[in-house]
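Ligands are counted one by one from 1 in listed order, and the atoms in each one are counted from 1 as well. What's counted below: heavy atoms across the whole structure, side chains too, no hydrogens, waters or symmetry copies.
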Amino acid sequence: MKARTVYICQNCGATSARWIGRCPVCGEWGTFAEERQERNGNRSDRPGTPSPQPIALSEVDAHVIERIRTGIGEIDRVTGGGFVPGSLVLLTGDPGIGKSTLLLQVCAHLTHSSPLYISGEESLEQLRLRACRLKPSPQNLLVLAETELESVENAITRSPTPVVIVDSVQTLYSSELESPAGSVTQVREAAARLQRIAKQTGKVIVLVGHVTKEGMIAGPKVLEHVVDTVLQFDGEVPYAYRVLRALKNRFGPTDELGFFEMTAEGLRELSNPSALFLSEGTVSESGVTIAVVLQGTRPLLVEVQALVTPSSYTVPQRSITGYDYRRLQMIMAVLERRLGIGLRQYDLFANVVGGLRLEDPALDAALALAIVSSHRDRSLPPSTAVFGELGLTGELRPVRLPELRVREAQRLGIRRLVLPKSSAEAFSGSIPNIDLVAVDRLSLALTHLFP
Ligand code: TYD
Ligand code: MG
């Protein structure tokens, strides 16, 4: 085995022969650290090892794989129906966000298969104490406190269980490598070897990976291409809710969100999350609108706020949290040019309530109306919601799955819903107790809402 010294970016895994201050790939400063890399001889160095032979694709046995449902609806939704046997899943998130709790709860639900939980982070006593707090508490769980990669590999191969949790990848180290635990070399080696074991044994291996912003510990980014699925668990600190999403999914969607709430008894599923994103009491103020957005296939009502205020700077301030800044600029340009609403002298602050980051362009119309409402200091009529993408001529463009949105709005007691005309025409049949204001231009929505 030959060893050489290289410098590896601990954020993205880029390598360099010499130390550099700023990573040319991810742009981060001070992330390069020295690591020793061992190079094994290749197959031709080992006489007697047969080369594998290709076979016809049609001869490959492609039976329908049965997924392992976790029984936790929000996780099954995000993964696309449960974990796929033989896959390596990475669960990432900030330290303390609830990754270990979530996975212990998955174990509690997998009652028929006694999963194996390998912990390098916590002692078995700590694990047991935590498990006792959870409802339901895991019953048939096998636990092992281990950090040496070779022992972990043995334990996984020998165990009959179809589901293995490894918490966390940063604690694993292979004694065959010289680099310290948590370095890019170690973390990559661990993931690559566990990936092989998952494929060979048909087990699901879930790896926990902490997101590390500072400090010289390799982050999950360097693993994204090694694993089959990357699940991200995050939440905004002042709120108890947590959001699970798939950043990469070889076997399912990447646009579904799973909502949870952290309680004293562990994470609770939030199957009705809309209520989270509507704040009490502010909806009747100026500058506030309710948007009906889609996250994957789930409609969600969110409150959008805007504050337009005279600027005391030569260059007015503009900021938005929870939505694309460029879309905000586009919306402001449309308001200026197409609707004659002068905003040049004003600062503008906009916010999606509850800390969600949204990408659905259907939010455009709600944001535009919130800006106009704040600018005119007039509130929207009560129980009004809106969705629609704004085009550059000021037209309201159709969006995905309008009927689903209308039904969600109606379910949550919205009385009046402004939507693009073409979206309203896309579904037939009447929806009771909701007044649909179908318009093809934003200006018509304004005339209707601010007569
Ligand atoms: P944890 O799962 O340890 O986070 P991670 O594995 O991502 O580092 O969760 C830690 C936090 O969750 C901790 O601050 C305590 C809190 N918590 C609860 O509020 N309720 C519970 O039932 C549990 C187990 C943890
Ligand atoms: Mg943990």
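- Side-chain contact annotation: Asp76 with Thr70, donor-acceptor N/O pair under 3.5 Å present.
- Within the 4.0 Å heavy-atom criterion, the part of Glu265 lying near ligand 1 is the backbone and not the side chain.
- The shortest contact between atom 2 (O) of ligand 1 and any protein heavy atom is with Thr101 OG1, 2.5 Å.
- A donor-acceptor contact shorter than 3.5 Å links the side chain of Arg22 to the backbone of Gly27.
- Of the heavy atoms in Ser100, both backbone and side-chain atoms come closer than 4.0 Å to ligand 1.
- Under a 4.0 Å heavy-atom criterion, Gly266 is in contact with ligand 1.
- Near Thr263, meaning under 4.0 Å from any of its heavy atoms, are these atoms of ligand 1: 18 (C), 19 (O), 20 (N), 21 (C), 22 (O).
- Distance check on atom 13 (C) of ligand 1: every protein heavy atom falls at or beyond the 4.0 Å cut-off.
- Interface of Pro95 with ligand 1, defined as ligand atoms under 4.0 Å from a residue heavy atom, comprises 8 (O).
- In terms of protein heavy-atom proximity, atom 4 (O) of ligand 1 is closest to Gly98 N, 3.0 Å.
- Taking 2.8 Å as the criterion, Ser168 does not count as a coordinating residue of the Mg ion (ligand 2), since none of its N, O or S atoms falls below it.
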| request: Please assess Arg268 against Phe260 for the test side-chain contact (heavy atoms from CB on, under 4.5 Å), listing each intermediate value before the final yes or no. | output: CA-CA 5 Å; Arg268 195 168 62 83; Phe260 297 88; over 6 Å; no

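- Side-chain contact check for Phe32 versus Arg18: every heavy-atom pair is 4.5 Å or farther apart.
- Summary of contacts: the protein heavy atom closest to atom 11 (C) of ligand 1 is Gly96 O, 3.5 Å.
- The shortest side-chain heavy-atom distance between Ile371 and Leu348 falls under the 4.5 Å cut-off.
- A donor-acceptor contact closer than 3.5 angstrom is absent between the side chains of Asn249 and Thr254.
- Of all protein heavy atoms, the one lying nearest to atom 17 (N) of ligand 1 is Met262 SD, 3.7 Å.
- If you look at Lys99 next to ligand 1, the close heavy atoms, those under 4.0 Å, come from the backbone and the side chain alike.
- Looking only at atom types and distance, the side chain of Asp347 has no donor-acceptor partner in the side chain of Thr309 under 3.5 Å away.
- At least one donor-acceptor pair closer than 3.5 Å links the side chain of Ser373 to the backbone N or O of Gly287.
- Checked by atom type, the side-chain pair Gln186/Glu178 shows no donor-acceptor distance below 3.5 Å.
- If you check which protein heavy atom lies closest to atom 15 (C) of ligand 1, you get Arg133 NH1, 5.0 Å.
- From the protein, the heavy atom lying nearest to atom 1 (P) of ligand 1 is Arg130 NH1, 3.4 Å.
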